[in-house]
Each structure stands twice: as C-alpha cells, then as structure tokens.
Protein chains: 2
Amino acid sequence: MPRRVDPVKHAAKRQHILDSAAVLIAEQGYDRTTTSQLCSQAGISLGTLYHYFPGKKQIFLAVLTQDQQDTATLLDGLLDAEQSDAVEALMTFVQHLAEPATAHPFVPKLVLEAMLQAHRDPEIRSTLEGAETSERDGIRRLLARATAAGQVDQELNSDDAVAWISALINALYLEAAMNPTFDAATQLPLLMRTVRGLLRSPGKQHPRA
Amino acid sequence: MPRRVDPVKHAAKRQHILDSAAVLIAEQGYDRTTTSQLCSQAGISLGTLYHYFPGKKQIFLAVLTQDQQDTATLLDGLLDAEQSDAVEALMTFVQHLAEPATAHPFVPKLVLEAMLQAHRDPEIRSTLEGAETSERDGIRRLLARATAAGQVDQELNSDDAVAWISALINALYLEAAMNPTFDAATQLPLLMRTVRGLLRSPGKQHPRA
DNA sequence: GTCTATAAACAGATAGAC
DNA sequence: GTCTATCTGTTTATAGAC
C-alpha cells in the first residue's frame, strides 16, 4: 500500500528548488535574492515554495548543508588512506579541498557568500562550523605526520602553517569568485606550488625521499 | 565676511557619518544595514542624514572612495622609491598593501564587503576598479625588475605570479575578516615568507646578492 | 500540491514644521 | 540644519480557492 504520490517526487522537486536557489544566491547574494526570484528561477509559485520550505533562510541553510556533506565525505576518505610520502598525502588533501572551486563558476561565489553570512548569522555559522573544523583538523594531522618525517621546516609553527594552508585554499575561492580573469582550474597547480614553498625551509632544500 | 557656519563644520559632520557608517557596514554588511541604523549610529535623524548624502548607496561609495585614496597615495610613494634589491622593493610594496588589514578588525571586513558588492553592483565595481588595477600594476612592475635581475625563478609565469601575490594579500584580509583566531598582525610575517617561497625556484636556492 | 490574492512589516526616501 | 511625520514600494509570509 503506497503512500499516495510522495516518495521520490517530493524529494526531487525539493532538490530542484535547492539547485536553482544555489545558483541565484551565488550570483546575487542571500540578502538581495527575494523569495519571488527563488520561485521564478525554480519555475514554481510562492505558495508552492512555502509548501517545500518553511522560509527563505531554511532554503539557504539546506543549500549549505548538502555542500557540507559532500565535503565531509571527501575528507573522511582521504584521511583514512595511508600513503608513504606524508607531504604528498597532505598535498593530495589540499588539492581535494581546493578542487570544488574549479568545478563551476558559481561554486566559489556560493562558498564566499556562505562565509560572509556565517560571520553575521549564528545559525549559518553553526551550520558551517563543522566543515571548517574538520577541514583544518585534517590539514593539521597530515602536517604533523609530514613534520615528524622531517619533510617540513622545523622552525615553521604548526598552527601558523595550518592557518596559512587553509588561507591559501580560501584565497583560490576568493579570486575565483571575484576576479574574472582568474581561472581556478589553471591556477590550481600554482596553489600547490605555493603550499610546497610555504612548507619548505627558507634556507634549505626540501630533502627528497 | 564669512559664509555663515558651513566651512569646516559641514565636512567634519560628513566625515563623522562616514566613519560610523564604515564600522556598521563592515560588521553587518551593506544590505543588512538600514538607513535608520546609519542614523542612530551617527547620532542624527533620518532627515539630517539625507541632508548630507543623497542616498544610502552614496554613503557606501563615499566610504570606499576615501579608503581608496589612502591606498593610492601609499602606492605612488612606494613606486617612486628606487631600491638596490628588486625583490626587497617588491616585498616592501607587498607589506604596505597588506598592512591595513592589521590596523583595526573592521578594516578587513569592510574591504571584503566591498569586494563582494563590487561583484554585484557596477557603480561599486567601477569605484574599486582603479585601486585594484594600480595595485596589480605596481606588483607587476616590481616583479619585472626582480625577474630582470635574475632574483626570481625564470620558469614562473609573470601573470600567474602577480595573480597569486595579489591573492595572498587578499587571503590575509579574508582570514582576518572571517577567522576569529587569526591575528593579521601576527600572521603578516608568514605572508611575507609565503610570497618569497612563491618567487623562489622549487629546485634552486634564491641566489643571494 | 499548486495556485492567486493578500496581509503585515519594513525598507528607502521625502515633506515640511521648527 | 535638524527634526518628526509620512509616502511609496517591496519583502517575507499566510489564507484559502481549486
């Protein structure tokens, strides 16, 4: 005995609303995007929108939550993997964190909008906090392994290094979102190079193998 | 025969409105900040605000313009100065571009808000464009000098390098604005170190003098 | 489930008294 | 020059017909 028509159809439409909302909010920003625009973009009316979501803010939170789950899944897989070269493991992790910025132009814009709004709205902040923490934590653990293996400049403060590797990844998102001449996919290798430069001692060669 | 009461008093009050507006907009964002809030923060009424400015947007533009003038003046002075070591000249320039981020917590927040809004509003974009262009142009010229002097990795693409030095400076502003545990003043030296790491060849020592 | 019509609150901006 | 009172349009959200 099936439950009328709901099962997948409802979830699919909900997802469709979320997808179109993500693009619109990325382009215009959360504050400037009206619920009416959200409706016309999704091809539905106001009444229908409020049938699927209790309010505008919840739509934004739902958009952020699904992105967060993608990232979390990605990170967990990478942290489990054992690799011989600790620096290369760290670099792989960094690359995977940076890669979404190259997927589609709206992605870095959405990430940046989320970061800004998180700074102003407690609800959005707590939604994002988990992802950021696990991101930094992953970097920290992999960096510790690389340092223990003597592959990183001993004088480089661990907390500072984590902060700056994280900052460099954020910089890729920032430039991809703001600078029209900046192509994230092309610039990704240079991000990797810069991270390596940060880890390497200023006065010494990185000891290979 | 003096002109009634206007001369300095008007300019001083205008400036006071701008100063309080800058802090408020930095904290809340432009869209979330209402004209009423701008008034109560400045200690005046709505009617008075519109006596000094034609509208909300013009207040924001005025805030950005004055910041821009400070930066432009700073850059010009640095570009004129001749220095023996070309890399050091570049590093001095980078440091001066990054330094405002360490001045007061609201400064990086305001800069970031401006960058976001510039991406969405043509008027704000054109107001900011001049500053960004002269910033990148300064980096480009100083980098060219350093490259000509053989102090920079020959294989490093010039445009990429400019983009990433600029991105690193923006990263300092971004982290200072978003990350409460990130102290811009403390992290400035590490920014300098990272820029040096970027310029240095991955396989060779930076040839000193 | 989806729509149209509408309520309730609030935004930016103006009028005009003092 | 500065204020209070008010206009006008828009925004989020709800009611209720189909």
Side-chain angles (χ1 to χ4, degrees), chain A residues 1-22 24-25 27-64 113 117 120-124, chain B residues 1-22 24-25 27-64 113 116-117 120-124 127:
Chain A
M1 213 184 253
R3 296 184 203 159
R4 295 284 161 71
V5 276
D6 290 38
V8 252
K9 239 180 174 179
H10 185 88
K13 192 149 201 171
R14 201 187 125 101
Q15 188 57 47
H16 170 66
I17 296 171
L18 251 35
D19 288 343
S20 54
L24 207 57
I25 291 174
E27 295 302 330
Q28 303 187 335
Y30 174 74
D31 292 314
R32 295 176 114 116
T33 303
T34 69
T35 50
S36 307
Q37 289 179 313
L38 255 22
C39 292
S40 56
Q41 184 81 1
I44 57 172
S45 76
L46 250 159
T48 306
L49 187 79
Y50 279 95
H51 175 74
Y52 285 88
F53 294 95
K56 182 187 168 186
K57 195 176 189 173
Q58 282 72 27
I59 296 176
F60 189 40
L61 287 173
V63 167
L64 299 182
E113 177 68 19
Q117 296 293 353
R120 288 159 190 162
D121 185 312
E123 226 171 326
I124 297 174
Chain B
M1 215 183 250
R3 294 184 205 159
R4 293 281 162 73
V5 275
D6 290 36
V8 255
K9 238 179 175 178
H10 185 88
K13 193 149 201 171
R14 201 187 123 101
Q15 188 59 46
H16 169 67
I17 296 171
L18 251 35
D19 289 344
S20 54
L24 207 57
I25 292 173
E27 295 301 329
Q28 304 188 332
Y30 173 74
D31 291 316
R32 295 179 114 117
T33 303
T34 68
T35 49
S36 306
Q37 288 178 312
L38 255 21
C39 291
S40 58
Q41 184 82 359
I44 58 173
S45 74
L46 250 160
T48 306
L49 187 78
Y50 280 94
H51 176 73
Y52 284 89
F53 294 94
K56 183 187 168 186
K57 195 177 190 174
Q58 283 71 28
I59 296 176
F60 188 40
L61 288 173
V63 167
L64 299 181
E113 178 68 19
L116 255 200
Q117 296 293 353
R120 288 159 190 163
D121 186 310
E123 226 172 326
I124 297 173
T127 300

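In what follows, chains are A, B, ... by sequence order, proteins preceding strands, each numbered from 1.
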When the distance from [atom1] of [X] to [atom2] of [N] is rounded to whole Å, what number comes out?
X: Leu38(B); N: dA11(C); atom1: CG; atom2: P; result: 12 Å
X: His51(A); N: dG1(C); atom1: NE2; atom2: C1'; result: 5 Å
X: Asp31(B); N: dG12(C); atom1: CG; atom2: P; result: 10 Å
X: Lys56(A); N: dA13(D); atom1: NZ; atom2: P; result: 8 Å
X: Ile17(A); N: dG1(C); atom1: CD1; atom2: P; result: 12 Å
X: Leu49(A); N: dT14(D); atom1: CG; atom2: P; result: 12 Å
X: Gln58(B); N: dA13(C); atom1: CD; atom2: P; result: 7 Å
X: Arg32(A); N: dT10(D); atom1: CZ; atom2: P; result: 15 Å

* Can you name the nearest heavy-atom pair linking Asp31(B) to Lys56(B), along with the distance? -> O-NZ, 3.8 Å
* Asked: How many angstroms lie between atom CG of Leu24(B) and atom OG1 of Thr33(B), to the nearest 0.5 angstrom?
  -> 4.5 Å
* On DNA chain D, nearest-nucleotide positions of Thr34(A) versus Gly47(A): which is more 5'? -> Thr34(A)
* Asked: Step by step, would you call Ile44(A) with His16(A) a side chain to side chain contact (heavy atoms under 4.5 Å, CB included)?
  -> CA-CA 11 Å; Ile44(A) 57 172; His16(A) 170 66; 5.8 Å; no
Under 4.0 Å from OP1 or OP2 of [N]: is there any side-chain N or O of [X] that close?
X: Tyr50(B); N: dT14(C); value: no
X: Thr48(A); N: dT2(C); value: no
X: Thr35(A); N: dT12(D); value: yes

* Audit row: Leu18(B), Phe53(B), side chain to side chain contact (heavy atoms under 4.5 Å, CB included) steps and yes/no -> CA-CA 10 Å; Leu18(B) 251 35; Phe53(B) 294 94; 3.2 Å; yes
For [X], report the nucleic acid contact type (base, sugar-phosphate, nothing); a contact means any heavy atom under 4.0 Å.
X: Ile44(B); answer: sugar-phosphate
X: Tyr52(A); answer: sugar-phosphate
X: Lys13(A); answer: sugar-phosphate

* To do: For the residue pair His51(A) and His10(A), categorise the inter-ring angle as parallel (less than 30°), tilted (30 to 60°) or perpendicular (more than 60°).
  => perpendicular
